[in-house]
Amino acid sequence: MEEIIVAPPMPHEVRIRIICTSLCHSDIIFWKMKDFPGIFPRILGHEAIGIVESVGEDVNEVTEGDTVIPTFMSQCGECADCRSTKSNLCTKLPFKVSPFMPRYETSRFTDLNGEVLYHFLFVSSFTEYTVVDIAHVTKIDPAVTPSRACLLGCGISTGVGAAWRTANVEEGSTVAIFGLGSIGLAVAEGARLCGATRIIGVDVNQQKFEIGKKFGLTDFVDPANCENKSVSQVIIEMTGGGADYCFECVGLASLVQEAYACCRKGWGKTVVLGVDKPASLVSLPSQEILHGGKNLMGSLFGGLKPKSDIPLLLNRYMDKELQLDEFVTHEVRFEDINKAFDLLIEGQCLRCVISMCNE
């Protein structure tokens with residue numbers, strides 16, 4: 001732990017006092033990354049909830065004291081994409097793994113020697129105070145339990161949204177999910193809410209099936225127990241032709257290919273959520289694309305528009321429809337953040353919530 005200086009917000013920015021934050025696997029990926037965009041020293045963390053401490057000029061939608069969720073996805077509300085129902089990819093402030101604030105390409109963090117500390121995913125929540133652009137801030141009902149609301153800053157929103165918004169899973173459909181970490185299980189939760197009748201989970205850890213049942217998993221495939229068949233062949237046989245919707249939640253090109261292979265011809269959709277290495281390539285036979293008539297698509301933040309959709313998800317949680325409590329397996333104080341990293345690296349937790357309060 002060290003003390004840092006967090007500058008006041010510039011125009012269109014807010015300074016936020018973080019209440020709690022949770023650890024996402026993306027934090028570990030970029031923590032371990034040696035080459036750009038793995039730049040250091042950097043303040044990681046991007047799933048959080050906090051209180052607005054101060055606002056810069058030209059900020060009208062939040063005021064000091066408001067409860068907010070910062071997100072790595074922006075919603076400026078002005079560009080063609082933000083005004084459209086077809087996309088959540090803001091054009092004015094596009095997503096990128098930048099070490100700076102989005103409008104100014106400068107940092108709001110310095111150490112006590114005046115050296116620059118870099119931002120992470122426009123949030124940087126592993127600090128008591130952070131500065132976030134207003135396009136990346138969603139005001140929420142302060143009545144929601146902070147340790148649950150913070151989960152919607154990334155992983156759970158991404159998974160649920162991918163089934164709900166990106167794929168538009170239909171009632172009675174069949175879903176296959178490759179990788180049953182938090183995002184994969186959140187996809188299962190989203191598919192359950194959409195009324196899918198068969199939700200197949202694929203993972204090398206058989207314990208994930210028991211965990212996944214509470215989120216709607218009905219079947220489980222362990223790649224190590226497929227005998228001489230590929231996972232895609234097993235799923236095609238299980239479903240009588242392939243799953244209506246397939247989700248890749250690990251970040252491996254080979255799994256994208258397997259998911260696409262077991263996606264039903266004619267109308268199937270394969271949605272990529274996993275974060276792979278920057279140079280990874282997916283290879284698909286051209287004839288299979290032509291003859292199969294299937295869709296392959298990516299989904300950032302589950303296709304959700306943060307300011308519009310996070311409040312809807314929180315309402316569903318408050319109405320006891322959306323499960324969030326079940327994703328929190330551990331809670332630690334900020335000074336024990338390394339324990340949270342250990343738990344996630346060792347595969348012992350889904351989400352570990354880190355409290356900034358030392359009381």
Residues R148 and E331 bridged, charged N to O under 4.0 Å:
yes
Flag this pair as yes if the NZ/CZ of K208 is under 6.0 angstrom from the six-membered ring centre of F220 and inside a 45 degree cone about the axis; otherwise no.
no
Other residues, nucleotides, ligands: >12 heavy atoms within 6.0 Å of E346 CD
yes
Surrounding CD of E105 (heavy atoms of other residues, nucleotides or ligands, distance under 6.0 Å), is the total greater than 12?
yes
Has [X] got a side-chain atom pairing as donor or acceptor with [Y]'s backbone, closer than 3.5 angstrom?
{"X": "E3", "Y": "L112", "answer": "no"}
{"X": "S280", "Y": "A253", "answer": "no"}
{"X": "S87", "Y": "D81", "answer": "no"}
{"X": "K307", "Y": "V137", "answer": "yes"}
{"X": "S355", "Y": "C20", "answer": "no"}

Linking Ile, Leu, Val, Met, Phe, Trp and Tyr through side-chain heavy atoms less than 4.5 Å apart, which residues share a cluster with L255?
F178, I200, V202, V221, V231, V234, I235, M238, V250, L252
Between R108 and R15, does the side-chain contact (heavy atoms from CB on, under 4.5 Å) criterion hold? Intermediate values first, please.
CA-CA 10 Å; R108 300 294 167 269; R15 189 160 58 186; over 6 Å; no
Have a look at R198 and tell me which of D219, T239, T218 forms a side-chain hydrogen bond (donor to acceptor under 3.5 Å, both in side chains) with it.
D219
From the list F122, F120, F126, F301, ring-ring contact (aromatic ring centres under 6.0 Å, His included) with H46 holds only for F120
For the atom pair [atom1] ([X]) and [atom2] ([Y]), what is the distance rounded to the nearest 0.5 Å?
{"X": "H136", "Y": "F95", "atom1": "NE2", "atom2": "CZ", "result": "9.5 Å"}
{"X": "L193", "Y": "E171", "atom1": "CG", "atom2": "CD", "result": "12.0 Å"}
{"X": "R165", "Y": "D309", "atom1": "CZ", "atom2": "CG", "result": "4.0 Å"}

